[in-house]
Amino acid sequence: MAKRDPIYGIMAEFDSAQALLEAARKTHQAGYKKLDAYSPFPIEGLAEEIGFHHDAVPLVVLIGGLIGGGTGYLMQYWMAAVDYPLNIGGKPPHSWPAFIVITFEMTILFAGISAFLGMLALNGLPMPYHPVFNVPRFAFASKDRFFLIVFSSDKQYNAVETRRFLEGLEPRTVSEVPS
Amino acid sequence: MASRLGLETKDVVELELDGKKAKGAIWIQAGHPDHSVTITLGYGRTRAGRVGTGQGFDAYAFRTTAHLWTASGLQIRKTGDIYELASTQGMQSMETPNGATRPLVREATLEEYKKNPNFAHEEEPEVPREFTLYPNFLYEEQKYAWGMAIDLNKCVGCNNCILACQSENNIAVVGHEQTLLGRHMHWIRIDVYYEGDRDNPKAYFQPVPCMQCENAPCEVVCPVGATSHTTEGLNDMVYNRCVGTRYCSNNCPYKVRRFNFLLFQDWETLQYKMMRNPDVSVRSRGVMEKCTYCVQRISERRIDTERASVIEGKEIKIGDELQTACQQSCPADAIIFGNVNDPNSAVSKWKAQSRNYSLLGELNTRPRTTYLAEVKNPNPELES
Amino acid sequence: MPEQYKSSTEIQPTPVIAPGHTFGTVTEKISAIVLTRPATNGWFIGFGIAFMATMMMLYAIGYLFLKGTGIWGVTIPVGWGFAIVNFVWWIGIGHAGTLISAILLLLRQSWRNSINRFAEAMTLFAVAAAGIFPAIHVGRPWLAYWLFPYPNTMRVWPQFRSPLMWDVFAVSTYATISALFWFGGLIPDFATLRDRTEKRWIKVIYGMLSFGWRGSARHWHRYETMYLLLAGLATPLVLSVHTVVSFDFAIGIVPGWHTTIFPPYFVAGAIYSGFAMVLMLAIPIRKIYGLEDFITLRHLQNSAKVMLATGLIVAYGYGIEAFMGWYSGDRYDAFTLWNRLHGPYAFWYHSLLACNIFIPQVLWIRKLRSSPLALFLISGVILIGMWLERFIIVVVSLHRDFLTSSWGMYYATRWDYMTYFGTIGMFLMLMFLFLRLLPAISIFEMRTLLPEAEVKE
């Protein structure tokens, strides 16, 4: 990327979730690919409309769970049957039925932590500063307004054209987002 | 007599004999002759250390040269007070309040024994050794497999074994208040069970040390592995690993495990260094303890025999000369300890008898301490 | 906002959220409690009492560490007393929070949205209260960390076959997953609070807690995935945690403990007591903070129905235990049953049956299911009953087991009571703080309940 554009993007504000969804669809169909949409609650189908198709969180969770289960079982096996086997009540050192419980709990533990950290990592969070916070109206994105932004890095982006296009979608306001 | 006088156990009564008076709490003893009271001498001391001072009342007041051992003309008056007498046993009957009886002490008359030598195994057949999901640990292949047999015919309930064990293993005396709560620390105890008519009961005595179960329920539930099994069959209690969850005691069906709920041992009195057995750890607060088959004696004997083997150039094994403290002190020779892997040892011969049974054997704990059931030959004239 | 819902005796079902709200009003109402509403005298008095109770608990624990577990009523044969009863009671209470958050989410029950936040908070505080007991009840609590498998100079490891070890992992996992689920759910709401407050330092704190959340659609998508997956993980977790707790008893050989009915019976009992606690919290909270529009009668009624259902499962558990006591022909199990009915603790067993089985049957009456006062009182009765259940299981089974010579009694001491009521104080203290500092209802999930939140393709 060349020198940073002083304008991060152009953002349109909408009153309803339906309006945002339709606006996003139209914008994407118009050829704009570098988009984002902001809402105070998850809107079904919105992510697909702006071109997001591959969610990696499930894979992260699966891998986390497998690591957890494997670690849990191998830990118990190694500790009880290899490193320091003891005769406990006549039970065999490799008491696999007894090991199931902790293996299960470790699977869930690792999978859950992976889900949380994976979501944060894939989302690039924590990110306390982001250019959209420079727009004062954006505070309503966490309350009751819906925003659509076209990034200046989009190929089709043109300061005037894009703004006119967004105004054509009948938003509440249109703002320039400084970087 | 007690019901005639309207007395119950723990009632404080005032005794008067020839003008001398004393107050004490009563214990109604099953089988005690009517119209009589037994008083124990030796209590009521004023200078007997931390534990002995002020316990009970001084009965020497009633003792005169003319009446050294018995006297008559005692008067008893109820005072209305109650004194909580501490007993270490919960219930003294094998019959539970719902009318069922538990075969804890098994007995038969001589006639019954002759007809059915296997009487001790009838009601609760023991679980066969092969009846297991897991491969058995091959204790038979070890040099030693420690076991104990207690002949219930011989035990008279004298409590010598308890005292010997206490001295040998540095067991703390917890005192009256703690015993009331059930926190006495005896590693071996004698369970007394009465059966039949209260005035003419049958009494059974059953010494209960740790059973050293091969399938010890206590070992499985310890989260830190403070109790585990040796190759020789001992259930080891590792004091310094114990964090004190007390799950092992909960899971022990014999309740032979005792816990140091408070600091029961006296760390301050210097003379106790002379009293205590240096071969046995003195336990601190928060750890579980129990009978170890006098493991310190086993280890000492093992070292001696190994040394002797080297010196003499041939293998010398531990034999019947090794005795646990309880065995050594029993005046009736009711307890026998030894190597069950040696078919010629005394304990193996005892265990080979048909009278031999495991306490709570149906739980499949496979205890190494077993009992020889009582066979009585009562005089028919006395029975009526 | 006046209560606009119709009474439940009419045909229309009570709504999940009172009509007439917008995204804005929902946000305002919930965040105002945290950001603008001043702390009332009532809050200070309540918090003060709870704080004093917490101090009492710390005093009791301090004396415990100084002297030893002998200050409690535990003895041989009853090696476990109030501490373990309380531990199981608290963990059980926590399970309702996870059920509401996770299981009701997977079952698409939208009524969970207004109660899941404080129910999860309740779970975390209950697990915190529960976790105190295993640590302090051991004879040498300064060594309790030996239950964790860490490499050490002694070259030894914990013994994994013990149900107490399973407890360590299960409860730790449960605390962690609940915390992550709860905190994850709070992230978008922290963003709301960040954007709503004017004070700079509060904005910074909520801003940091929100991780810079901006509500991007891509982020929401991954967030929803995480949320659903955590719910999917938490569901078997909540079932397994109380199963593992029940294994503390079921794996033991003690008559009255060693029974296979325990895992489902304990889990059902946990949900039972948990919903009772949810109601005992929700009913005052909705009244005091004016949240009846969000926690409507429908929530109370549904909770009552869940309690009725789980109560019946618990009743079945009691019934089958009693049946097996007779049917098995095992002399020890038969006596255990007899002892519960006729022994020294029989009064408590009969109280248990009254509190857990008989009294809650009034929930079949629709009018009582819709009365917050009745539900509050019945929930209190159920909580007492569930405590008594654990007491009967732990103490009454232990005090008379195999050998009659070992039979004994258990009497709780003042230190037992001080510790127990102290944990209740600690729990309430944390709840008071939670209500002041964090949104008690999930704001973003409440927005999804409004009709405007639905989009057509």
Side-chain angles (χ1 to χ4, degrees), chain B residues 88-102 104 178 181-184 189 191-193 206 208 217 219-226 228 240-255 257-264 284-288 359-360 363 365, chain C residues 67-80 134 137-147 154 156-168 248 251-254 257 331-332 334-335 337-339 342-343 394 398-411:
Chain B
T88 56
Q89 184 162 343
M91 234 185 61
Q92 292 185 308
S93 165
M94 289 184 276
E95 188 184 324
T96 53
N98 66 337
T101 307
R102 299 182 178 182
L104 305 174
Q178 292 297 312
L181 293 170
R183 296 185 182 159
H184 45 282
R189 62 173 192 265
D191 287 343
V192 179
Y193 298 115
Q206 187 173 41
V208 182
E219 293 175 4
V220 183
V221 294
C222 174
V224 290
S228 61
N240 44 356
R241 179 67 174 166
C242 177
V243 291
T245 60
R246 304 182 295 286
Y247 202 170
C248 56
S249 157
N250 288 343
N251 221 27
C252 173
Y254 308 101
K255 291 289 178 280
R257 288 175 153 271
R258 316 308 300 185
F259 188 68
N260 288 278
F261 286 99
L262 301 167
L263 182 60
F264 290 139
S284 184
R285 121 168 113 100
V287 295
M288 191 67 79
L359 182 62
L360 299 177
L363 297 178
T365 49
Chain C
K67 290 286 179 189
T69 48
I71 65 170
W72 288 347
V74 285
T75 172
I76 308 291
V78 187
W80 286 352
H137 96 110
V138 294
R140 300 203 288 173
W142 52 93
L143 298 172
Y145 64 92
W146 279 354
L147 274 80
M154 300 178 288
V156 292
W157 307 108
Q159 200 274 110
F160 294 107
R161 298 167 200 86
S162 167
L164 295 183
M165 278 306 296
W166 302 346
D167 263 350
V168 166
D248 285 346
I251 301 291
I253 64 174
V254 179
W257 280 17
R331 62 165 61 97
Y332 304 111
F335 179 73
L337 173 64
W338 185 95
N339 191 42
H342 304 289
V394 175
L398 280 176
H399 94 111
R400 289 185 174 178
D401 68 338
F402 294 98
L403 298 183
T404 55
S405 57
S406 344
W407 286 4
M409 291 293 289
Y410 172 83
Y411 301 109

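Throughout, a chain's letter reflects where its sequence line sits, starting with A, and its residues are numbered from 1.
For chain C, the option among B/Cys252, B/Pro223, B/Pro253, B/Gly90 with the highest count of heavy-atom pairs below 4.5 Å is B/Pro223. Each of C/Asp167, C/Val78, C/Leu143, C/Asp248 has some count of heavy-atom pairs under 4.5 Å with chain B, and the biggest count is that of C/Asp248. In terms of heavy-atom pairs under 4.5 angstrom with chain B, the leader among C/Ala144, C/Ser406, C/Gly408, C/Gly79 is C/Gly79. Most heavy-atom pairs under 4.5 Å with chain B: of the set C/Pro141, C/Pro77, C/Pro134, this distinction falls to C/Pro77. Contact tally against chain C (heavy-atom pairs below 4.5 Å) for B/Gln92, B/Met288, B/Met94, B/Arg258: the top residue is B/Arg258. When B/Thr101, B/Asn98, B/Val224 are compared by the number of non-hydrogen pairs under 4.5 Å with chain C, B/Asn98 comes out ahead. For chain B, the option among C/Pro158, C/Gly343, C/Ala334 with the highest count of heavy-atom pairs below 4.5 Å is C/Pro158. Residue with the most contacts toward chain B among C/Ile71, C/Val138, C/Val254: C/Val138 (heavy-atom pairs, distance under 4.5 Å). Put simply, of B/Leu263, B/Leu363, B/Asn260, the one with the most heavy-atom pairs under 4.5 Å next to chain C is B/Leu363. The choice from C/Lys67, C/His399, C/Met165 that makes the most heavy-atom pairs within less than 4.5 Å of chain B is C/Lys67.
Within the 4.5 Å cutoff, side-chain heavy atoms of C/Leu403 are placed close to those of B/Leu359. Residues B/Phe259 and C/Thr69 meet the side-chain proximity criterion, which asks for heavy atoms closer than 4.5 Å.
Of the two parts of C/Trp80, the backbone and the side chain both hold a non-hydrogen atom closer than 4.5 Å to a non-hydrogen atom of chain B. Using a 4.5 Å cut-off between heavy atoms, B/Gln89 touches chain C through backbone and side chain atoms alike. For chain B, the nearby parts of C/Tyr332 are the backbone and the side chain; heavy atoms of each come within less than 4.5 Å. Heavy atoms closer than 4.5 Å to chain C are found in both the backbone and the side chain of B/Pro97. Heavy atoms closer than 4.5 Å to chain B are found nowhere in C/Val168, neither backbone nor side chain. Both the backbone and the side chain of B/Thr245 come within contact range of chain C, each with at least one heavy atom under 4.5 Å from a heavy atom of that chain. Looking at C/Met154, the atoms closer than 4.5 Å to chain B (heavy atoms on both sides) all sit in the side chain, from C-beta outward. Only the backbone of B/Glu219 has a heavy atom closer than 4.5 Å to any heavy atom of chain C. Contacts between C/Trp142 and chain B at a heavy-atom distance below 4.5 Å involve the side chain alone, from C-beta outward. Using a 4.5 Å cut-off between heavy atoms, B/Ser284 makes no contact with chain C at all.
When the salt bridge (charged side-chain N to carboxylate O under 4.0 Å, His left out) test is applied to B/Asp191, the partners found at least two apart in sequence or on another chain are B/Arg189. Judged as a side chain to side chain donor-acceptor pair (under 3.5 Å), and not counting sequence neighbours, the contacts of C/Asp401 are B/Lys255.
With rounding to the nearest 0.5 angstrom, the CD1 atom of C/Ile251 is 6.5 Å from the OH atom of B/Tyr247. The structure places CG of B/Asn250 at 7.5 Å from CD1 of C/Ile76, a figure rounded to the nearest 0.5 Å. Atom NE2 of residue C/His137 and atom CZ of residue B/Arg246 lie 5.5 Å apart, to the nearest 0.5 angstrom. For the atom pair CH2 of C/Trp338 and OG1 of B/Thr96, the computed distance is 8.0 Å after rounding to the nearest 0.5 Å. The distance from atom OH of B/Tyr193 to atom OG of C/Ser405, rounded to the nearest 0.5 Å, is 3.5 Å.
C/Gly70 and B/Leu262 get closest at one heavy-atom pair: CA-CD2, 3.5 Å. B/Asn240 and C/Arg140 get closest at one heavy-atom pair: O-NH2, 3.0 Å. Of all non-hydrogen atoms in C/Gly252 and B/Asn251, the two that sit nearest each other are CA-OD1, 3.0 Å. The minimum heavy-atom distance between B/Arg183 and C/Trp72, with the atom names listed, is NH2-O, 2.8 Å.
A distance-only check finds no donor-acceptor pair linking the side chain of C/Arg331 to the backbone of B/Arg102 [under 3.5 Å]. Using modelled atom types, one side-chain atom of C/Thr404 and one backbone atom of B/Ser93 make a donor-acceptor pair closer than 3.5 Å. The main-chain N or O of B/Cys222 is never found under 3.5 Å from a side-chain atom of C/Arg161 such that the two would form a donor-acceptor pair.
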